[in-house]
Amino acid sequence: MDYSEVASKYAELEAISGRNELTRILADLLKSAPSEELAPLVYMTQGKLKPDYEGVELGLAEKLALRALVSASGMRQDVVYSTYVKHGDIGTAAEELLKRRSQGTLFSEGLTLKRVYDTLLRVARQSGSGSVEAKLRELASLLNDATPLEAKYIMRTVTGELRLGVADYTVLDAAAAAFLGGKESRSTVERAYNVHPDLGFVVATAASKGLEGVDEVKVEVGVPIRPMLAERLSSAQAIVEKMGMKAVAAEYKLDGERLQIHRDGDVVKLFSRRLEVITSHYPDAADLVREHVNVRKGILEAEVVAINEDTGEYLPFQELMHRRRKHGIQQAVKDYPVALNFFDILLAGASDLTPRPYALRRKKLEQVVEQTPRTRAVPALSSSDPAELEKFMEDAITDGCEGLVVKDPASPYRAGAREFAWIKLKREYRSELTDTLDLVVIGAFHGKGRRAGTYGTYLLGAYDDKSGAYTSVAKVGTGFSDENLARFPRLLEAYASHVRPPGVESNMVPDVWFRPHLVVEIIAAELTLSPIHTAAMGRIRQGAGVSLRFPKFTGKVRDDKRPEDATTVDEIVAMYRRQVKRVE
Ligand code: ATP
């Protein structure tokens, strides 16, 4: 397939915003691709090269992207730079610069989708010494053969800024429309995606095997399942009412990291909440699974928690940060031991347990997980009495937990869903404070005084999952340890931008912008209306967004969350409304 065909469809997609229209154009695009190119096409249309869980990241830094453009356009660096700043978008800049150059390239080869895809894959995978130059060469050669329109989309893709507004769900709609006769098949496609979150695979299956093939997509060891998520309510009474006044299953909510554990014999693979492979962080957890979980082939979920080896006490999440290192992990395993608290089992041998009720899964879990100082099924209580549940929550907090996750015993495992079948109950909900928020760093201001030479405050955004935008919600400067003050600029360096990145909405202009990447946990005194911040603009009052009063960084970097997993604008609106109710 020619890349020019893809680029012109991208231009069409970009020009419209209605979901029906997007779906129609995307369905046309999918139908026009040969089957072996469908998966790459789907990844590329989402600005990716592989499903997220394979961890292939594009996101070339601004500086490098500009160098490639200098080389391919033959223009001076300052011309390239000023064109970029003028447009505020590297794609449009590339298009303009290559238009000026285009007379010279009459003999260039036409680009195919395959060539663009393979080249970008090589660019993404190159690392180590000499990789910067190699990436530049690859990219420049692609741009040499690109038309201005193609260059626009190549540059946006390679910098991680291709934002066509095509959400995962739109791709599923389009696949249903293109290959499965439309809307009736939609829930089947979605189920397949939730248990096998590789859009390229799901679309290619729809095209080659039809509805029956999609229906047969199974939970599989080695392929992570989208996690089931919890809603929140502020009292045990409200939870029991919501679940229909029956006995509910309350579990300790541990303050650790979620692990999705895939085991096939002695091979154990650990996925994070965002479905990245993190086996190397926890070699000891993999050993614990091999030794104390009596299922040879299966998928389980557990919260991994740092413990004090002498007292058996649970330690806060921050202690797990020491496990994030590339080198010296064996030492970290010794210095920062962990325990596994299993809370679900999704596959055992050949049986897919996800459609089975929680109560049955829990029974199975108790059968297969040995109770040892380092492994157990998470403490749980079945009760319909709110007072008893509140008491259990106090016990949980005394034992170093955040609160409870209350589960509906009749509910299947609903992959990828945030519903009231699981409800969190934390202590914070009952005090003046709102729950913590997970916000995306979208900018920073230079520091003064003690913070001169580094960033003093950060601008934070909430995710609007309807529009795909990151909207400003607060500026935060407190809660940073010296270590974090020094570390943050390094974490953010590759995402820095001189212009407001596409998809970021903020009236406040920071000294440096960042492409959405880093997610941090923030606590605040309350939510307030703000004429400046753009989060939930006009949702509660015309001309006002929602902001945070006295925001403070808790010290937790949520690298188990992607920016799209950050607290959404809808959640913030709901929190604001709950807070207003409490005041009344
Ligand atoms: P999200 O709900 O999006 O995961 P979050 O991580 O901010 O956001 P939390 O308030 O931490 O939400 O609650 C859900 C998380 O709680 C789970 O992802 C899991 O890591 C953790 N957790 C701890 N104990 C349990 C348990 N017994 N059952 C389910 N999840 C648990």
Side-chain angles (χ1 to χ4, degrees), residues 224-234 239 248-261 270-276 278 282 285 300-306 314 316-318 320 338-346 358 361-362 365-366 369 376-382 389 392-393 395-397 399-409 411 413-429 433-440 462-463 465 519-523 554 556-568 570-572 574-575:
I225 300 171
R226 296 186 70 219
M228 178 161 177
L229 302 172
E231 272 290 352
R232 54 188 114 200
L233 283 174
S234 53
I239 293 178
V248 297
E251 295 183 348
Y252 273 19
K253 181 177 195 305
L254 289 129
D255 185 18
E257 177 164 21
R258 186 175 191 155
L259 292 183
Q260 195 180 109
I261 302 166
L270 307 175
F271 292 96
S272 69
R273 181 196 180 287
R274 57 188 284 183
L275 308 183
E276 282 174 339
I278 51 167
Y282 301 108
L300 295 100
E301 278 199 298
E303 191 82 354
V304 58
V305 194
Y314 281 5
F317 170 85
Q318 277 87 327
L320 294 176
V338 296
L340 288 177
N341 280 261
F342 291 85
F343 62 81
D344 222 317
I345 180 159
L346 313 180
Y358 163 87
R361 301 199 309 277
R362 170 77 195 185
L365 191 70
E366 287 171 11
V369 175
R376 63 176 178 177
V378 70
L381 170 81
S382 168
L389 293 167
F392 193 54
M393 174 153 101
D395 295 347
I397 288 167
D399 288 344
C401 297
E402 288 182 311
L404 301 177
V405 184
V406 183
K407 300 179 176 178
D408 180 343
S411 168
Y413 188 90
R414 299 262 302 126
R418 190 189 294 284
E419 294 170 347
F420 284 96
W422 284 13
I423 305 176
K424 318 184 239 202
L425 180 61
K426 292 199 217 172
R427 187 148 60 178
E428 291 118 302
Y429 302 153
L433 300 175
T434 53
D435 188 13
T436 54
L437 294 96
D438 297 320
L439 301 173
V440 183
Y463 183 56
D465 60 352
V519 181
V520 292
E521 188 181 82
I522 301 293
I523 184 100
T554 65
K556 259 191 203 180
V557 170
R558 294 295 309 254
D559 47 10
D560 60 334
K561 288 198 162 184
R562 298 172 302 163
E564 309 87 290
D565 298 322
T567 302
T568 63
D570 282 351
E571 286 177 279
I572 288 178
M575 281 178 175

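Both ligands and their constituent atoms are indexed starting at 1 by order of listing. All values below come from the heavy atoms of this structure, side chains included, with hydrogens, waters and symmetry mates left out.
Close contacts of ligand 1 with R258, meaning ligand atoms under 4.0 Å from a residue heavy atom, involve 17 (C), 18 (O), 20 (O). Proximity to E251 (heavy-atom distance under 4.0 Å) selects the following atoms of ligand 1: 26 (C), 27 (N), 28 (N). Under a 4.0 Å criterion applied to the non-hydrogen atoms of W422, ligand 1 contributes the atoms 29 (C). Set against the non-hydrogen atoms of L254, the atoms of ligand 1 under 4.0 Å away are 23 (C), 24 (N).
In this structure, D560 and R258 have side chains that are not in contact, with every pair of non-hydrogen atoms separated by 4.5 Å or more. Residues R273 and K561 form a side-chain contact, since some pair of their non-hydrogen atoms from C-beta on lies under 4.5 Å apart. Here the side chains of R376 and N341 are in contact, with some heavy-atom distance below 4.5 Å.
In R414, the CZ atom is not crowded: 12 or fewer heavy atoms of neighbouring residues, nucleotides or ligands sit closer than 6.0 Å.
Counting only non-hydrogen atoms, the option in K253, E402, K424 that gets closest to atom 11 (O) of ligand 1 is K253. When the heavy atoms of E231, E257, K561, M228 are ranked by distance to atom 5 (P) of ligand 1, first place goes to K561.
Of the possible polar contacts, one joining the R418 side chain to the A230 backbone as a donor-acceptor pair under 3.5 Å is found. Under a 3.5 Å cut-off, the side chain of E301 and the backbone N or O of D344 do not form any donor-acceptor pair.
Residue D438 touches ligand 1 through its side chain alone, judged by heavy-atom distances below 4.0 Å. Contacts with ligand 1 closer than 4.0 Å are made by no heavy atom of R232, backbone or side chain. If you look at R558 next to ligand 1, the close heavy atoms, those under 4.0 Å, all belong to the side chain.
Contact check on K424 versus E402 returns no salt bridge, with no Lys/Arg side-chain nitrogen under 4.0 Å from an Asp/Glu carboxylate oxygen.
Checked against a 3.5 angstrom limit, the closest N/O atoms of R418 and ligand 1 fall inside it. The N/O atoms of F343, backbone and side chain alike, include none that comes under 3.5 Å of an N/O atom in ligand 1. By the 3.5 Å distance cut-off applied to N or O atoms, E303 is counted among the residues near ligand 1.
Between Y252 and F392, the ring planes lie tilted relative to each other; the angle falls in the 30° to 60° range.
K407 counts as a contact of ligand 1, since one of its heavy atoms falls under 4.0 Å from the ligand. Taking 4.0 Å as the cut-off, K426 counts as a neighbour of ligand 1 on heavy-atom distance. For the pair E521 and ligand 1, no heavy-atom separation below 4.0 Å is found.
Annotation: ring pair (Phe, Tyr, Trp, His ring centres under 6.0 Å) contacts of F342 (sequence neighbours excluded): none.
Distance OH/Y463 to CZ/R562: 8.5 Å, rounded to 0.5 Å.
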